[in-house]
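Order of the sequence lines fixes the chain letters, A, B, ..., with proteins taken first and strands second; residue numbering starts at 1 for each chain. This structure is a prediction, so every number in the text was calculated from the model and none was measured.
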Number of protein chains: 2
Amino acid sequence: MSRQREAILSAVRESCCHPDADMICARVKEDIPHVSLGTVYRNLGRLAEEGLIRRIAVPFAADRFDKTLTPHGHAVCPSCGDVSDLPEYISASLEKALGECISYELTVRRECEECKKLKNIQFKN
Amino acid sequence: MSRQREAILSAVRESCCHPDADMICARVKEDIPHVSLGTVYRNLGRLAEEGLIRRIAVPFAADRFDKTLTPHGHAVCPSCGDVSDLPEYISASLEKALGECISYELTVRRECEECKKLKNIQFKN
DNA sequence: AAAAAAGTAGGAATAATTACTGTTATTAGT
DNA sequence: ACTAATAACAGTAATTATTCCTACTTTTTT
C-alpha cells in the first residue's frame, strides 16, 4: 500500500459524490502534485478488483468510483450530471425479482432535488 | 431517409441479438460495400435520437442498439458477451419502485442458457 | 548494503466515438 | 430542364477514456 494508493483510496472514501478518475486525480494532486493519471487509473482498477471500492460504469460518461460496497443503483441528473445513490428498497425489490445474477448496473436518469428547485424558481419569474 | 440510413435501420430491425456499430456496419456492407463506419455511427445516433431505435450502453463494452422501444433491462453473459432482454415483469416491478424517472439502464450480468449448458457438460467429463 | 520486487511518472498506444472536409446526391425554385 | 440550396456520404483526423510500456525510484528481503 504505497503513499499514492493510500491517497487514492482516501480520496474515494472522503468523496460524497461519485468521482471519476479525473476528479480523483485532481484531488490527489493537492497532496502529491506529481501523481500521474495512469497511476490513478491503475490503482483505482486494483482497488476495485480487491473489493475496497466499487467501479460503476455510467452510460455516456466516464466510469465513476464508489466507496459504498453493497450493491445499489445510481441516479444521474440529466441537468447537472450529479450521481447519487438510489435508496435501498429499490435494489432490494430488484434483486428479489432478478433471482440468480452475478452483479448488475442500474442507472436511472432523473432530475436531482437541486435542479428541480432551480427550475421551479425559474418558472415562477 | 437515404439508402444507407434505410439499410442501417433495417439491419437493427432484422437483428435478433443486440448489435453494436461494428456488427451493423459489417451487415450493411453486404448490401452497400463502401459504407463507412462514420456513417453507421452517425445514423445510429440519429435514429436513436429520433426514437426509431434504442441505444443501450453496456458497461465495459461498446454501445449496442436495440429495435425494441419499450423500456426493459438487459442481461449480459460474462462468458460469451451475448446480450439478451430481461423479461417484462422485472422492468414492471422496477418502474413501480422507481416512480418518477426519465429513463433507466439496467444491465445484469448473468450466464446465458447456452453457456450454462456448456459448463455442465464440461463438469461432467 | 546489494539484489529483487513492487510501484511510479510520463508518454505512447488503443478503442470507441465524434467532428471535419471535400464530394455527391437530392430537392426546390425559376 | 437548369441552377442554387440543402442534406448526406466517404474518408480521415481528432477526441476521450483508458490501458500499456519503459525507464526510474522506492521499498523489502536477504
Roughly how many Å is it from CD in Glu50(B) to C1' in dA8(D), rounded to a whole number? 13 Å
dA17(D) P sits how many Å from Leu44(A) CG, rounded? 14 Å
Between Ser2(B) and dA25(C), does any side-chain N or O lie under 4.0 Å from OP1 or OP2? no
Would you call Arg46(A) and Glu49(A) a salt bridge, using N to O less than 4.0 angstrom? no
Atom CG of Asn43(A) and atom P of dA9(C): how far apart are they, to the nearest Å? 9 Å
What's the shortest heavy-atom distance between Val40(B) and Ile8(B), and which atoms? CA-CD1, 3.8 Å
Check the distance between dT8(C)'s C1' and Asp31(A)'s CG and give it to me in whole angstrom. 17 Å
Does any donor atom in the side chain of Ser10(A) or Arg13(A) lie under 3.5 Å from an acceptor atom in the other side chain? no
Using atom CZ of Arg64(B) as one end and atom P of dT17(C) as the other, report the distance to the nearest whole Å. 11 Å
Specify the separation, in whole Å, of atom CZ of Arg3(B) and atom P of dT26(C). 10 Å
Separation of atom CD1 in Ile8(B) from atom P in dA8(D), rounded to whole Å: 12 Å
So His74(A) and His18(A), would you call those rings parallel, tilted or perpendicular, with 30° and 60° as cut-offs? perpendicular
Counting C-beta onward and ignoring hydrogens, is there a side-chain heavy-atom pair between Val58(A) and Asp20(A) closer than 4.5 Å? no
Pairwise 5' ranking along DNA chain D for Arg46(B) and Asp63(A), keeping only the more 5' one: Arg46(B)
Looking at Glu114(A), I want to see if its CD is surrounded by more than 12 non-hydrogen atoms of other residues, nucleotides or ligands under 6.0 Å. no
Expressed in angstrom and rounded to an integer, what is the separation of His34(B) atom NE2 from dT23(C) atom C1'? 13 Å
Whether Gln4(B) contacts dA25(C) is assessed here as follows: a side-chain N or O lying under 4.0 Å from the phosphate OP1 or OP2. Is that the case? no
Is there a path of hydrophobic side-chain contacts, each under 4.5 Å between heavy atoms, that joins Val12(B) and Val83(B)? no
Contact string for nucleotides 19-30 of chain D, one letter per nucleotide 5' to 3', B = base within protein heavy-atom range under 4.0 Å, S = sugar-phosphate only, - = neither, reads B-----------
